[in-house]
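Worksheet: one structure, shown below.
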Amino acid sequence: MHDNTYLIILACAVVTYTTRIGGHMVLSRFGSPHYRVEAALEAVPTAVLTALVAPSLLNQGPAEAISILIAGVVALRGSLMMSVAAGLVSLVALRFVLG
Amino acid sequence: MTSQFDRPQFHRTSSYNNQYFSRDIKDGLRDALPIMAAIVPFGAVFGAVAIDSGLDFQEMLVTSLSIYAAASQYVMIDLMGQTLPVWSIVLAVFAVNFRHVLYSASIGRKMTLFSPLQKACAFFLLVDPQFAASETRAATVGLRPAYYFSYAAVIYITWIASNCVGALFGSFIENPATYGLDFILPLYFTGLVAGFHKRPNFILVLLVSGGVALLTYFTIGSPWHITLGGIAGLIVAAAQSRPPQKNNPERNILENAHEDGTGLEEGTANA
C-alpha cells in the first residue's frame, strides 16, 4: 500500500467535493440561463441516471435485464417502492428459473 | 386531498419552518428507508474490500467520512493497490465523479430555501440517490433543507455503519446476490428515471443517453459511459428545446412542479 495514504484520501475528498459544488458555483455566476441550458439542466436526472444504469441492462444477464424493464414499467404507474419490489421479486424468481 | 402543504412553496417565510419542518423530516426518513436495504450490503462489501486491500480501519473510516462517494472509493482503493502516482489516482476519481457537476448545476437552482452554509453542507452529501430524491421532491412539494438533510442523514449514517460492519466482520458476510440485494441500486435508479417520464423529450433523452452510454461502455470503457452518455442526452434536450413565451424567472420552476406533480406524487408519496 502507498506510504502517503492520507494524502491520497484527502486529495480524492477535495476533488469529489469540487465536482459536487462546482456545477452550482459555475452556473450561479451567470444570471438566468439561456433556454437551451435550461432544457439541458431539466434533462440531467433522466440523462445521467439512464447512463449510469444502462450497462446493467447488458453486462449481467437476462434475469437482470428483464427485472430492470419490469421495474421501469411498474414505476410508470405505481410507487417507487412497488417498482423496486417488483424488480427484486422478478429478479430472484428469474435467477432461480434461469439458473 | 390537496392540503396547503402539497402546493409548491418557494418563498422564504418566517413561519415556514414550523409549518413544514416535521413533515419534511418524516418524508425524508420515509423516502430514504427503502434504499437502506441496498446500501447495507454494498457498504459492508466496501468495508471488507478496503481492509482486504491493505487499508487499516481508521484509513477506511476517513475515506468514507471524507469522500462519501461509493464508486470512486472503490476506484481509489483499487488503484492504490497498484502503487500508481497520486495524480493519476486523483484524476480517475475525478472522472468517476464528474456526473456530480451536472447534479450540482441542476439541484443547486432548486435550493432557494437553503442558507449558504446549508448549501455548502448539502453539496458534500450529494450522492446519486440524494440527487434523484431531491429532484423528485423539488418537482412536487418543493425542496426544503429539513427534507434534504433528514434523507442525507439516513444514507450517510447507514453507509458509514455498514462500512464498519464489513471491515470488522468481512469474512462473515453472506453473498448479497442470494436475495437480489446486489441489484437493488440499478432497480432503484430505474424506478427514479421512470418517475421523470413527464419531462420534455423523455423518451428521446432516455434512448440517446442509454445508447451512447452502452456504446461508450463497450468501446472506451467505464466510467466514461456515465459522463458521455449523460452529456449526449443533455445535448439532445438542448437541441430540442424551444424559446420560452415570456421571460419570467419563476416560470420554469412552477411549470415543472405542475407538469411532474401528479406522476411523481404517486411515485414518491406512497413509497
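Order of the sequence lines fixes the chain letters, A, B, ..., with proteins taken first and strands second; residue numbering starts at 1 for each chain.
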Point-to-point distance, once rounded to the nearest 0.5 Å, from CD1 of Ile8(A) to CE of Met80(B): 4.0 Å

Chain A contact via Gln58(B) - side chain, backbone, both or neither, heavy atoms under 4.5 Å: both

Chain B contact via Val53(A) - which portion, at a heavy-atom distance below 4.5 Å: side chain

Main-chain N/O of Ala120(B) paired with Tyr17(A) side-chain donor or acceptor, under 3.5 Å: yes

Minimum heavy-atom distance between Arg36(A) and Gln240(B), given as atom pair plus value: NH1-N, 4.5 Å

Donor-acceptor pair, side chain of Arg20(A) and main chain of His100(B), under 3.5 angstrom: no

Side-chain donor or acceptor of Arg99(B) paired with backbone N/O of Val48(A) under 3.5 Å: no

Member of Val96(B), Val90(B), Asn97(B) meeting the side chain to side chain contact (heavy atoms under 4.5 Å, CB included) criterion with Thr16(A): Asn97(B)

Top contributor to chain B contacts, counting heavy-atom pairs under 4.5 Å, from Ala85(A), Ala63(A), Ala11(A), Pro45(A): Pro45(A)

pair Tyr188(B)-Leu80(A): side-chain heavy atoms closer than 4.5 Å: yes

Largest heavy-atom contact set with chain B, pairs under 4.5 Å, which of Gly22(A), Pro33(A), Pro55(A): Pro55(A)

Ile9(A) portion near chain B, given a 4.5 angstrom heavy-atom threshold: both

Interatomic distance, Leu69(A) atom CG to Thr190(B) atom OG1 [nearest 0.5 angstrom]: 8.5 Å

Nearest atoms (heavy-atom pairs only) where Ala71(A) meets Leu187(B): CB-CD2, 3.9 Å

Exercise: identify the closest heavy-atom pair between His24(A) and Arg109(B): ND1-N, 4.3 Å

Greatest number of heavy atom pairs closer than 4.5 Å to chain A - which of Ile235(B), Leu65(B), Val127(B): Val127(B)

Most contacts with chain A, counted as non-hydrogen pairs under 4.5 angstrom, among Thr227(B), Ile67(B), Thr63(B): Ile67(B)

Contact winner vs chain B - Leu41(A), Thr50(A), Thr19(A), heavy-atom pairs under 4.5 Å: Thr19(A)

Winner by heavy-atom pair count (cut-off under 4.5 Å) against chain A, out of Ala132(B), Ser66(B), Ala71(B): Ser66(B)

From Ser67(A) atom OG to Phe183(B) atom CZ, the distance as rounded to the nearest 0.5 Å: 5.0 Å

Inter-residue atom distance Ser104(B).OG - Met25(A).CE, 0.5 Å rounding: 9.0 Å

Closest-packed option against chain A by number of heavy-atom pairs under 4.5 Å, given Ala92(B), Ala239(B), Ala238(B): Ala238(B)

Residue among Ser28(A), Ser56(A), Ala86(A) with most heavy-atom pairs under 4.5 Å to chain B: Ser56(A)

Spacing of Leu214(B) atom CG and Leu57(A) atom CG [to the nearest 0.5 Å]: 7.0 Å

Non-neighbouring partners of Phe131(B) that pass ring-ring contact (aromatic ring centres under 6.0 Å, His included), sequence neighbours left out: Tyr103(B)

Residues from residues 215-223 of chain B approaching chain A under 4.5 Å (heavy atoms): Tyr217(B), Phe218(B)

Closest approach of His225(B) to Ala51(A) (non-hydrogen atoms, all atoms of both residues): CD2-O, 3.3 Å

Residue, of Ala237(B), Ser209(B), Gly233(B), that accumulates the most heavy atom pairs under 4.5 Å with chain A: Ser209(B)

Most contacts with chain A, counted as non-hydrogen pairs under 4.5 angstrom, among Val205(B), Leu126(B), Asp128(B), Leu33(B): Leu126(B)

Nearest-0.5 Å distance that lies between atom OG1 in Thr46(A) and atom CG in Asn201(B): 10.0 Å

Close side-chain approach of Glu38(A) to Ser241(B), heavy-atom, < 4.5 Å: no

